[in-house]
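Input: a single structure, listed below in structure tokens.
Since this is a predicted model, take the numbers as computed values, not measurements.
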Amino acid sequence: MRIARFSIDGNVAFGAVEGDGPDGLVLDIIKGIPYADFELSGTKVPLSKVRLLPPVLPNKVVAIGRNYAEHAAELGNEVPDVPVAFFKPTTSVIGSGDAIEYPSFSDEVHYEAELAVVIGRMCREVPRERVKDVIFGYTCANDVTARDAQKREKQWARAKGFDTSCPLGPWVETDLDPGDLAIQATVNGEQRQLGRTSEMIRSIEDLVVHITEAMTLLPGDVILTGTPAGVGPLHVGDEVAVTIEGIGTLTNKVIKRG
């Protein structure tokens, strides 16, 4: 099931996405919240009549760096012995169709297409065999990065945590095997990244176990699983799209911060 979060007439709701093709999609509004037992209301609205919002509002986004060997190599980095984890704040999260605001402190902003894991229940110290039980679903993400700031500051808080640096969407797919999905990024329609989730160094199970050894994850929290090779620059006026097989396409324009 595809679960979207949207706004219509000033109201925010969740809905199940039904149909095919951009003109045939409708939302069946959900009664309650999707992390618990819910019912479909039967009230349906065309997707074209609503504004898609970030599919979740995470308490935290835990991101993993250098989880694809070719990406680590293209930036001159070794594959780390343990997963490199960092946070992106909730203020960095935007939805499909929202604008990425080019930060004033950077001259080198990059796209990074990633598979995002959405957590469905509160969990801590999750054993490997129970990882699937705590996952709500999967969505597309763009770990937008101020690369020059990342190099200059020797840590990643500002470089990867600035406002609008974490596009998520367009919805969460709850019925998906994430083991070998095509993942790509395009800029202005030109393909820039193309990889497969099977190329991850550490699996989703590895990442959930590693993260929850240290911290409690809450419903709606998001894990970014790393990006394949091919990252590169974005400029004001560009349109960047992240497409993941079985999920859909996350699209954002780059604008100058006002």
**Report entry** Shared hydrophobic cluster, V93 / L115 (ILVMFWY, side-chain heavy atoms < 4.5 Å)
**Finding:** no

Query raised in the report: Side-chain contact, heavy-atom cut-off 4.5 Å: H235 with V187?
Result: no

Query - For N252, the option from V242, I100, D238, V144 that meets side chain to side chain contact (heavy atoms under 4.5 Å, CB included) - result: I100

Report summary line: Between A16 and L40, the two heavy atoms sitting closest are CB-CD2, 3.7 Å

Query raised in the report: Salt-bridged, D148 to K151, with N to O below 4.0 Å?
Result: no

**Report entry** Qualifying residue, where the test is side chain to side chain contact (heavy atoms under 4.5 Å, CB included) with V254 and the options are T164, L234, V109
**Finding:** L234

Report task. Using distance alone, with no hydrogens and no angle criterion, decide if H110 and E112 have a side-chain donor and acceptor under 3.5 Å apart. Result -> no

Report task. With the side chain counted from C-beta on, respond yes when T225 and I204 share a heavy-atom pair under 4.5 Å apart, and no when they do not. Result -> yes

Query raised in the report: So, for F162 and P103, which heavy atoms are closest and what is the spacing to 0.1 Å?
Result: CE1-CD, 3.8 Å

Report summary line: Heavy-atom nearest pair, F87 first then V62, reads CE2-CG2, 3.8 Å

Query raised in the report: Mind checking whether V240 and T251 have side chains closer than 4.5 Å, heavy atoms only?
Result: no

Requested in this report: Give a yes/no verdict on a cation-pi contact between R158 and F105, requiring under 6.0 Å between NZ or CZ and the six-membered ring centre and an angle within 45° of the axis.
Outcome: yes

Report task. Quickly, which of D175, L25, V172 forms a side chain to side chain contact (heavy atoms under 4.5 Å, CB included) with R2? Name it, please. Result -> L25

**Report entry** Main-chain N/O of D180 paired to T197 side chain as donor or acceptor, under 3.5 Å
**Finding:** yes

Report summary line: For R192 and P233 the tightest heavy-atom approach is NH1-O, 4.1 Å

Query raised in the report: Taking atom types as modelled and ignoring hydrogens, do the side chains of S41 and K31 form a donor-acceptor contact shorter than 3.5 angstrom?
Result: no

Query raised in the report: Quick check: does any side chain N or O of K44 sit under 3.5 Å from a backbone N or O of I29, one acting as donor and the other as acceptor?
Result: no

Query raised in the report: Do E78 and R66 have side chains that get closer than 4.5 Å, going by heavy atoms?
Result: no

Query raised in the report: Is any side-chain heavy atom of V61 closer than 4.5 Å to a side-chain heavy atom of D221?
Result: no

Query raised in the report: Quick one: are Q193 and V231 in side-chain contact, heavy atoms under 4.5 Å?
Result: yes

Report task. Mind running side chain to side chain contact (heavy atoms under 4.5 Å, CB included) on I64 and I211 for me, showing each step along the way? Result -> CA-CA 10 Å; I64 301 297; I211 291 166; 4.2 Å; yes

Requested in this report: Determine whether V79 and I201 make a side-chain contact, defined as any pair of heavy atoms from C-beta on separated by less than 4.5 Å.
Outcome: yes

Query raised in the report: Which heavy atom of T139 sits nearest a heavy atom of P170, and at what distance?
Result: OG1-N, 4.2 Å

Query raised in the report: Do K256 and E101 sit within salt-bridge range, that is, some charged N less than 4.0 Å from a carboxylate O?
Result: no

**Report entry** D133 and R121 ion-paired at < 4.0 Å
**Finding:** no

Query - Min side-chain heavy-atom separation Q184-T186 under 4.5 Å - result: yes

Query raised in the report: Has M215 got more than 12 heavy atoms of other residues, nucleotides or ligands less than 6.0 Å from its CE?
Result: yes

Report task. Using modelled atom types only, decide if a donor and an acceptor are shared between the side chain of T227 and the backbone of A113 within a distance under 3.5 Å. Result -> yes

Report task. Kindly check if the number of other-residue, nucleotide or ligand heavy atoms within 6.0 Å of CZ (R51) is above 12? Result -> no

Requested in this report: Would you indicate whether R130, at its atom CZ, is surrounded by more than 12 heavy atoms from other residues, nucleotides or ligands within a distance under 6.0 Å?
Outcome: no

Query raised in the report: Do you know which two heavy atoms are closest between A146 and S106, and how far apart they sit?
Result: CB-OG, 3.5 Å

Query raised in the report: Counting only heavy atoms not in E70, do more than 12 fall under 6.0 Å of its CD?
Result: no

**Report entry** M1 CE to I30 CD1 distance, which is reported to the nearest 0.5 Å
**Finding:** 7.0 Å

